Each structure stands twice: as structure tokens, then as C-alpha cells.
There are 2 protein chains.
Amino acid sequence: MKRTKRERQTALKKSIEENPFVTDEELSAEFDVSVQTIRLDRMELAIPELRERIKHVAVKTFEDEVKSLPIDEVIGEIIDIELDEKAISIFDVKAEHVFQRNQIARGHHLFAQANSLAVAVMDEELALTVKSELQFLRPVKAGQRIVAKATVIERLPEKNRASVKVVSTVDQVTVFIGTFEMYRMTEQSEGEVG
Amino acid sequence: MKRTKRERQTALKKSIEENPFVTDEELSAEFDVSVQTIRLDRMELAIPELRERIKHVAVKTFEDEVKSLPIDEVIGEIIDIELDEKAISIFDVKAEHVFQRNQIARGHHLFAQANSLAVAVMDEELALTVKSELQFLRPVKAGQRIVAKATVIERLPEKNRASVKVVSTVDQVTVFIGTFEMYRMTEQSEGEVG
DNA sequence: CTGATGTTAGTACCAAGTGCTAATAGCGGG
DNA sequence: CCCGCTATTAGCACTTGGTACTAACATCAG
């Protein structure tokens, strides 16, 4: 038996946050109070009804769908590409890419943009990164747009290798330089790298 | 005025797929038929009612939430850490981390695990990567578990710098080696790197 | 003309609520 | 001991977006 109203309400809030799909009836059983009490509690806490809660979750997904997709495909948007020569992509740094602490973009996002651009310039999904050297020259903050330019600087076709240099800038200022040694996979060689 | 029933039903299906939040009434207006006809159509097409549809979308998000969250916090799960000394994390490679083409894990996921571990071993959200050298020794495939071990190998406290070496293995076989030159931010120095 | 197919209308019912009124329980103070 | 207050509970009418079912039409083909 929970005692104070306040205690129940904080627990209620937490419970709904953890599982938005719970009905008032289930909650009433959980807290051993009447359904009406749960309704009053929700009202005081300004927690919407089950169906509204679910809707919000669903709408959020729907919006996120576009946002989360890029993380697995090409990171950043390729705006120009010339296979085996060069490519350019842009990437807008948003709140979800930075450390909350200081709003600075996490390194792996810069790397991801550069690396996926290096893969793309080689030839779509058939290239692997073998080695890489990176320099993070300046911190990038949320709201900034990173322009990455990839150039193939060395080709060793007989070894299925090539080097790609990627320079990323924000407002014409270089923030990141990376060189990627790429391995171009052939049908036979799949899975045998290094 | 749509003619055949079949035409309407294919359009209906598409319409609901595009916007699962649409009610039968809205659909009845859209296709200029009665609400009952829409219901019959849904029945024949085995399309659930609005609330069920929304629920499915919401449940999907809920499950994805855990999956998408790590991308922004620590990549991989830290299983051991000794600040300024060493740290170990594991990362399970899933379908969403690999190239569809050949099931090989994309480089930036290996980098992300290693880099975030390097950041973590330094001291929570206060470190930035300045330089890095990577070697992708062997391809990692979906279903494999990557164990990353980070060790602080060099310290230059007066310059707020340190080097971290990360070795990632799958079944005791080294798949990735990375060295990270880290910069430890102080309150005053925020935003001025390199 | 009859029958199959498609469409519409209407009714009863359900879940998970809102919004409202009213009753009751428990306790604290005077 | 009663008064007043808060908290809780109960009950009813109503809402949305349906299901499940029955019945009436419409239309066209054979």
C-alpha cells in the first residue's frame, strides 16, 4: 500500500513513461486505487490518455524514420560524384550528433561522413577501408554544415587498392582531414582483406 | 470517381501505408464511398483499424529506441573501465551495421566503438579526438561480437594530451587497430583545439 | 427475370477514455 | 464531538473509431 498521493503520482508518472501502452485500468490495479483516482492523477500531472500517448510515440517514429535512415546508408548527402576521381558531400550537424556537454560534434560522425564518401567515390558498396589517418583540426558545433571533398590520390589497380583523401570544411575552414586506403573487392576476393 | 473495386482497394492500401493515421471517415471522403465500403475494403485487404495501426508504429519505435540510442551515446557496451588507464567495450554487429551487398560491417561502426571508448577512458565527455590512425585488418560480419580494448599509452598532462591505443578483436582475432591522440578539454579551453 | 457482386444504411456493442456530479472515508483542529 | 478539508470512489452521459452483423438496394450479366 503506497501512502501519500504525491508518492503515487511520481511512481505513476515513471510507470507511464516506461510503458506508455498501459491503460488506466492496469494502472489502477498496479497502484491499488480506483480507475477514477488514476484519471485524477493523470489530470493533475497533465498526462494524456493512452491513445494520445501512443499516437505521440507513433508520430515521433514517423518523423524519425527519415532522420535515422541516413545513419546506415550514406552519411551526409552526396552532391557531386565522379567515380574513381572525386566526390563531395554535405552533412548538417544536429543536436543528436554532438556531446551534450559542449555541443561539439562527436568524432565518429565526421569520420562516418568522410569514410562513406571515400567508399562511394571508389564504387558503391564494393570497397572496404583498410587503413586510415585522421586529423580533427577544429571542433564542429551543432547547426554547422560540413562539406567533405574526397579525391582519389593514388591508384594501384593491380593490388585492388587506392588512396582517397578527404578534406572537410565548415565555412571554408578546414575542420578535418582524413586519408583512406581503400581495397576494392572483387567477386572472388570477398571476405579476404589484409 | 474511381471505377473498379480493385482500383480503389490498391489506392486505399497505398493511402493507408503512406499515412497510417487516417480514419475510415477520412478515407470514405477521399474515395467518395461510404464508410462501410472502406471497412469492407480494409477487411478484404486485412488492414487493421486505425488504433491498431498506430500501435504497431509506436511499438516499432519503442523497440528501435534502444537500438538507435547507442548511436549517440557510447557505441558498444563498456564492460570494464579504469579511468586514464584502460577500458573494454563490446559491440554486437547487427544487420543494420553492415553493407547489404556483402554483410561486412561498415568502417565507421568500428571507428565509433573505438573512438567512443577512447573518449570514455579519458574522462567522460570532456575529451576530443585530435588525430587518429586506423587499420582495418579483417572484415567483420553481421552476428559477430567485437571486443575493443583501449589503453592509454602516452600522457602529456602539461599539453592536455594523451594517446590511446584501441585494439578490436573478434574471437581473439584482431580485426582493427586504432591510435587516438586525445585532447582533454578544460573549462577555459572549450572550443579551441588544434 | 434471376442471381451474383458491390454498395450503403442501420443497429448493437466495445475499449478507453472525458466531463461531470455526488457520495464517502479519514484526519486534524477547535 | 462535530466541522471542514482533502483524497478517493462511484456513477452516469457522452465521445471516437471502430467491430460484427443484418438488411436493403443497385447494377449488370447471363
Side-chain angles (χ1 to χ4, degrees), chain A residues 1-69 95-96, chain B residues 1-69:
Chain A
M1 229 202 271
K2 289 272 145 69
R3 233 179 348 281
T4 76
K5 186 183 173 182
R6 200 139 306 175
E7 270 175 345
R8 188 190 55 236
Q9 291 195 342
T10 36
L12 183 80
K13 197 175 169 181
K14 208 186 135 197
S15 197
I16 293 175
E17 264 162 27
E18 271 168 22
N19 173 203
F21 303 93
V22 69
T23 64
D24 285 0
E25 207 162 299
E26 289 164 346
L27 288 164
S28 108
E30 184 181 336
F31 293 101
D32 198 31
V33 292
S34 72
V35 176
Q36 283 79 0
T37 302
I38 296 293
R39 310 245 223 250
L40 285 172
D41 284 347
R42 272 202 299 103
M43 231 155 272
E44 287 180 33
L45 298 168
I47 297 172
E49 61 165 295
L50 170 71
R51 289 177 295 230
E52 287 306 309
R53 293 195 301 264
I54 292 182
K55 210 174 188 174
H56 281 138
V57 176
V59 167
K60 201 177 65 185
T61 325
F62 223 64
E63 286 166 353
D64 283 0
E65 215 140 89
V66 191
K67 204 161 81 183
S68 69
L69 208 74
E96 62 263 34
Chain B
M1 232 202 271
K2 289 270 145 71
R3 236 183 342 284
T4 76
K5 186 183 174 180
R6 200 139 306 175
E7 273 175 345
R8 187 191 55 237
Q9 291 196 341
T10 36
L12 182 80
K13 196 174 170 182
K14 207 185 133 198
S15 198
I16 292 174
E17 264 162 25
E18 271 168 23
N19 174 204
F21 303 92
V22 68
T23 65
D24 286 358
E25 207 162 300
E26 287 163 347
L27 288 165
S28 109
E30 184 181 337
F31 293 101
D32 198 31
V33 291
S34 71
V35 176
Q36 283 77 1
T37 301
I38 297 292
R39 311 245 224 248
L40 286 172
D41 284 348
R42 270 201 301 103
M43 233 154 270
E44 287 180 32
L45 299 168
I47 297 171
E49 60 165 294
L50 170 71
R51 287 178 295 229
E52 286 307 310
R53 292 196 302 265
I54 292 182
K55 211 175 189 173
H56 281 139
V57 177
V59 167
K60 203 178 63 187
T61 328
F62 221 65
E63 286 166 353
D64 285 0
E65 210 141 274
V66 191
K67 206 162 80 184
S68 70
L69 205 76

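A note on names: the letters A, B, ... follow the listed sequences, proteins ahead of strands, and every chain is numbered from 1. Everything numeric here is computed off the predicted structure, so don't read it as measured data.
Of all heavy-atom pairs between B/L27 and B/S15, the closest is CD2-OG, 4.1 Å. Closest heavy-atom contact between B/R42 and B/D24: NH2-OD2, 2.7 Å. A/D41 and A/R8 get closest at one heavy-atom pair: OD2-NE, 2.6 Å. In plain terms, the two heavy atoms of A/V57 and B/A58 that are nearest each other are CG1-O, 3.6 Å. In this structure, A/K55 and B/I54 approach most closely via the heavy-atom pair CA-CG2, 3.8 Å. Minimum heavy-atom separation, A/L45 to A/K13: CD1-CB, 4.5 Å.
Atom CZ of A/F21 and atom C1' of C/dA15 are 17 Å apart (whole Å). In this structure, A/D24 atom CG and C/dT18 atom C1' are separated by 11 Å, rounded to whole Å.
Counting only distance, with no hydrogens or angles, the side chain of B/R53 and the backbone of B/I47 share no donor-acceptor pair below 3.5 Å.
Residues from residues 46-55 of chain A that place a heavy atom under 4.0 Å from any atom of DNA chain C, listed by number: A/E49, A/L50, A/R51. For DNA chain C, the neighbouring residues in residues 33-43 of chain B, judged by any heavy atom under 4.0 Å, are B/V33, B/S34, B/Q36, B/T37, B/L40.
In this structure, B/E30 places its CD atom where more than 12 heavy-atom neighbours from other residues, nucleotides or ligands lie under 6.0 Å away. The 12-atom threshold is exceeded at CD of A/E52, counting heavy atoms of other residues, nucleotides or ligands nearer than 6.0 Å.
Proximity of A/T10 to A/K14: side-chain heavy atoms (C-beta onward) are nowhere separated by under 4.5 Å.
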Tabulated below should be each protein N or O lying under 3.5 Å from an N or O of nucleotides 22-30 of chain D; please produce it.
none

